[in-house]
Amino acid sequence: MLDRRPGRKPPPNVSIEDRDYIYAVVKGTAKRRNLSSETAEKYTQMLYKAANYLGERGQSLKGSDDVALNHLSSSVFKTNKHVGIALRALQKHRGGSSARLADVPRTPQMVPLLLGAYLLLRPRLTGRSLKAS
């Protein structure tokens with residue numbers, strides 16, 4: 001399944017706490033989903049990328065909430081779908097929301113709503129033309 005490779009180190013900005021957290025998450029996900037060792041290793045690498053990015057900014061993967069993880073997936077790692085997949089697996093492992101931002105229903109935009117209200121409530125123009133003053 002998943003082994004720790006003693007000769008391989010995580011990126012420099014991944015804390016020991018995040019390294020151990022990633023190991024536990026991937027181990028649990030691999031067992032639950034019956035992942036191959038290659039897939040589990042790919043998840044580990046992708047989570048290391050996210051943890052390294054957060055570590056450069058003084059944050060941790062373990063301490064990040066679902067909103068931060070969704071933001072990472074949809075903006076910072078937008079072009080790397082594998083990081084997004086690993087982040088969603090992490091969210092699912094800890095019982096959080098694994099929905100991507102694109103999947104989240106959005107509230108109606110305010111501008112069209114306000115414009116529609118204005119058009120409905122504005123006084124009707126009479127047939128008189130407006131004169132320049």
Side-chain angles (χ1 to χ4, degrees):
M1 185 163 56
L2 178 71
D3 344 311
R4 290 187 188 228
R5 296 183 183 174
R8 202 168 121 247
K9 297 180 181 177
N13 294 308
V14 176
S15 68
I16 293 171
E17 183 183 28
D18 272 355
R19 184 199 64 203
D20 293 342
Y21 182 62
I22 290 168
Y23 177 77
V25 166
V26 173
K27 184 177 178 182
T29 301
K31 184 175 181 177
R32 187 179 72 251
R33 297 182 58 199
N34 197 25
L35 300 178
S36 70
S37 58
E38 292 82 17
T39 302
E41 179 63 25
K42 187 73 169 175
Y43 274 44
T44 302
Q45 292 303 310
M46 296 304 106
L47 291 174
Y48 276 163
K49 283 185 180 202
N52 188 53
Y53 177 85
L54 290 168
E56 289 172 349
R57 286 146 184 83
Q59 301 168 356
S60 76
L61 187 64
K62 186 175 182 179
S64 297
D65 62 5
D66 287 343
V67 173
L69 296 179
N70 286 336
H71 174 73
L72 275 178
S73 178
S74 66
S75 62
V76 177
F77 295 106
K78 186 177 183 176
T79 59
N80 189 340
K81 70 177 182 177
H82 301 290
V83 173
I85 291 168
L87 288 172
R88 285 190 297 282
L90 181 147
Q91 289 174 303
K92 190 164 261 187
H93 174 80
R94 64 184 187 186
S97 166
S98 62
R100 291 180 295 175
L101 287 178
D103 298 336
V104 175
R106 300 205 173 151
T107 58
Q109 293 181 1
M110 290 303 294
V111 173
L113 182 64
L114 293 174
L115 182 59
Y118 168 77
L119 292 175
L120 288 173
L121 298 175
R122 73 179 175 162
R124 302 257 177 202
L125 293 175
T126 61
R128 293 182 273 160
S129 62
L130 297 174
K131 295 182 181 177
S133 24

Using modelled atom types only, decide if a donor and an acceptor are shared between the side chain of R19 and the backbone of S15 within a distance under 3.5 Å.
no
Where G28 and H93 come nearest, the two heavy atoms and their spacing:
CA-CE1, 4.1 Å
Answer yes or no: is there a side-chain heavy-atom contact under 4.5 Å between Y23 and T44?
no
Going by side chain to side chain contact (heavy atoms under 4.5 Å, CB included), Y53 matches just one of V83, L61, N13, L72. Which one?
L72
In this structure, CZ of R57 is separated from CG of N52 (nearest 0.5 Å) by 9.0 Å
To the nearest 0.5 Å, what is the distance between CZ on R88 and NZ on K81?
10.0 Å
Quick check: does any side chain N or O of S74 sit under 3.5 Å from a backbone N or O of N70, one acting as donor and the other as acceptor?
yes
Heavy-atom check, side chain of Y43 versus side chain of R33, under 4.5 Å:
yes
L47 side, atom CG; T29 side, atom OG1 - distance, nearest 0.5 Å
8.0 Å
Could you measure the distance from the NZ atom of K62 to the CD atom of E17? Nearest 0.5 Å is fine.
4.5 Å
Check the pair N80 / K49 against side-chain contact (heavy atoms from CB on, under 4.5 Å), numbers first and verdict last.
CA-CA 10 Å; N80 189 340; K49 283 185 180 202; 3.7 Å; yes
Give a yes or no on whether the backbone of S60 and the side-chain of D18 come within a donor-acceptor separation of less than 3.5 Å.
no
Check: H71 and F77 side chains under 4.5 Å, non-hydrogen atoms
no
Between atom NZ of K42 and atom CD of E38, what is the distance when rounded to the nearest 0.5 Å?
12.0 Å
Measure the CG-CG distance between L87 and D66 for me, rounded to the nearest 0.5 Å.
10.5 Å
Donor-acceptor pair, distance only, cut-off 3.5 Å: does the side chain of S73 make one with the backbone of L69?
no
